[in-house]
Undergrad: 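Okay, handing you the structure first.
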Amino acid sequence: MMKHAALLPVLAMLASCATLPNEQAYPVEPILFTDQFEAAEGITFNGAGELHVGANRAVWRLDTEGNAVKLADLDSNLGQAGIGARDVLAADFGPTNIFNNGDEQELDGKVFRVAPDGTRTVAAQGIHDPNAILVLPDGSFLVSDDGLDAIYRVPAGAGQGAVAELWTSGVPFPNGMVLSPDNRTIWVAQIFSQVGPVILDGKLWAVELNEDMSAGEARMVSELVAGGVKAKGADGLAIDARGRVYVADNNNGRVLRYDPAAKDGESAVIVIAAGMPHIASLVFGEGEFDHLSLYATTTFRGGGDIWRIPVGVRGLEVLRQEAPVRR
């Protein structure tokens, strides 16, 4: 049963439509994909093109009609990423987190690896509150902690129970992450300017990725203002085949797009879609799903709805390879 009799209207105040050759006009109207969850955040495809969502404190696999099968229970359902042929990495705050009890000293956050049959193993630990996950070209992966100024790295082939290593503290309150087409830049969303109490922010950062997968310079590249409105809670990120970065503007219920190649006189940030309260994570369609659409989750404040956003472009190929486990 749908909770909505009709789709939420697109916000009236939007940025001017922008087009490129062979590209549609923006903003576009989002389409409700499913409303069966109460709260959702992480979303990813595995290597077989199967859609996975972190929702209702669990990892779920969804088909193209929105039917869901629960794979594994979690304490909290944060970011996800595909790894290997069919497995999924899922971030979990654990029993405590800085946002609920203000105790940032608890290292009870974990990243779980979930197999297609629901088997759950610990892929990374030693993190306060893990959120977004990004697999790197060598099979290692990054994990952001948006309650701290910390992005961690789990070495390639580290195996079950690996302890994450601090990769950079150069980005304040990092959330979503994507890798540029040339594998040289990690784009990172800054979601807060402080916690305790939480003050939402909306900036995009670039971190240089060195050849040995270490972190180089971190620099802030955009305040993410579109239509005269600043992003308020830059959350999940996605990237298209042209290298443009899509940002879930959580508190404004919008998807923004940042174009690092925008010329002088062009707006680097535009509104792609709106009307999705508390949008959290983004992923381009794969497998049997629409490859010219973004799929997006919303938090409990947004009702846990999953949206499809027909952006009309394809996503950049996602890295999921893994290195052999160390002996």
Side-chain angles (χ1 to χ4, degrees), residues 39-44 53-59 72-81 88-114 120-135 140-154 158 161-178 186 188-203 205 207 215 218 233-237 248 250-251 278-281 297-302 304:
E41 287 210 33
I43 188 168
T44 193
V53 169
N56 294 10
R57 301 181 185 274
V59 177
D73 289 313
L74 303 169
D75 282 309
S76 57
N77 42 258
L78 281 302
Q80 295 187 354
V88 167
L89 298 171
D92 190 338
F93 280 170
T96 67
N97 65 77
I98 192 173
F99 306 101
N100 288 343
N101 64 11
D103 185 359
E104 66 180 57
Q105 302 307 312
E106 294 292 334
L107 285 170
D108 57 357
K110 292 180 173 64
V111 175
F112 291 105
R113 181 169 180 149
V114 180
R120 191 187 78 169
T121 56
V122 176
Q125 56 187 329
I127 307 170
H128 296 297
D129 297 316
N131 198 325
I133 305 170
L134 177 66
V135 178
S140 65
F141 61 90
L142 302 180
V143 185
S144 65
D145 184 334
D146 63 345
L148 300 170
D149 300 346
I151 300 175
Y152 297 89
R153 179 170 173 244
V154 178
V163 177
E165 305 165 351
L166 182 64
W167 186 70
T168 183
S169 57
V171 180
F173 308 105
N175 200 305
M177 303 177 291
V178 289
I186 307 292
V188 185
Q190 178 186 342
I191 191 169
F192 308 123
S193 57
Q194 74 169 51
V195 296
V198 167
I199 297 179
L200 293 170
D201 207 330
K203 295 184 177 72
W205 289 70
V207 181
D235 205 325
L237 300 182
N250 185 291
N251 209 58
H278 298 282
I279 186 169
S281 299
T297 59
T298 61
T299 67
F300 70 95
R301 292 185 179 91

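Computed over heavy atoms, backbone and side chain alike; hydrogens, waters and symmetry mates excluded.
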Undergrad: Roughly how far apart are E41 CD and H278 NE2, rounded to 0.5 Å?
TA: 12.0 Å
Undergrad: State whether a side-chain donor-acceptor pair under 3.5 Å links S76 with D92.
TA: yes
Undergrad: For A234 and G202, which heavy atoms make the closest approach, and how far apart are they?
TA: CB-CA, 3.8 Å
Undergrad: Any chance you could lay out the side chain to side chain donor-acceptor pair (under 3.5 Å) test for T121 and R113, step after step, and finish with the verdict?
TA: CA-CA 5 Å; T121 56; R113 181 169 180 149; 5.8 Å; no
Undergrad: Check for a donor-acceptor pair, side chain of D145 on one end and backbone N or O of G147 on the other, with a separation under 3.5 Å.
TA: yes
Undergrad: Stepwise, does the ring-ring contact (aromatic ring centres under 6.0 Å, His included) test hold for Y152 with F141?
TA: CA-CA 8 Å; Y152 297 89; F141 61 90; over 10 Å; no
Undergrad: What class does the angle between the rings of F173 and F192 fall in, given that below 30° is parallel, 30 to 60° is tilted and above 60° is perpendicular?
TA: perpendicular
Undergrad: When P174 is tested against each of L148, I151, I186 for side chain to side chain contact (heavy atoms under 4.5 Å, CB included), which residue passes?
TA: I151
Undergrad: Tell me the closest heavy-atom pair linking N77 and A39, and the distance in Å.
TA: ND2-O, 4.1 Å
Undergrad: Side chain to side chain contact (heavy atoms under 4.5 Å, CB included), that's the test. Do L142 and I133 meet it? Break it down for me.
TA: CA-CA 6 Å; L142 302 180; I133 305 170; over 6 Å; no
Undergrad: If you take all heavy atoms of A91 and P130, which pair is closest and at what distance?
TA: CB-O, 3.7 Å
Undergrad: Check whether T298 reaches the backbone of I279 with its side chain - one donor and one acceptor, N or O, closer than 3.5 Å.
TA: no
Undergrad: Quick one: closest heavy-atom pair of S140 and V154, and the distance?
TA: CB-O, 3.1 Å
Undergrad: Would you say T297's side chain and S281's backbone share a donor-acceptor pair under 3.5 angstrom?
TA: yes
Undergrad: Run through I127, N131, L89 and flag the one making a side chain to side chain contact (heavy atoms under 4.5 Å, CB included) with V143.
TA: I127
Undergrad: For E106, is there any backbone N or O sitting under 3.5 Å from a side-chain donor or acceptor partner on H128?
TA: yes
Undergrad: Any sub-3.5 Å donor-acceptor pair from D235's side-chain atoms to N175's backbone N or O?
TA: no
Undergrad: Could you grab the distance from atom CD1 of I191 to atom OG of S144, nearest 0.5 Å is fine?
TA: 9.5 Å
Undergrad: Under 3.5 Å, is there a donor-acceptor pair between the side chain of R57 and the main chain of D75?
TA: yes
Undergrad: Output yes when a side-chain donor or acceptor of N250 lies under 3.5 Å from a complementary backbone atom of G233, and no otherwise.
TA: no
Undergrad: Sub-3.5 Å donor-acceptor pair from the side chain of D108 to the main-chain atoms of T96, do we have one?
TA: yes
Undergrad: Can I43 and Q80 be said to form a side chain to side chain contact (heavy atoms under 4.5 Å, CB included), step by step?
TA: CA-CA 6 Å; I43 188 168; Q80 295 187 354; 5.7 Å; no
Undergrad: How far apart are the closest heavy atoms of A215 and T168, and which atoms are they?
TA: CB-CB, 3.8 Å
Undergrad: Considering all heavy atoms of both residues, which atom of A218 and which atom of V207 are nearest to each other, and what is their separation?
TA: CB-CG2, 3.9 Å
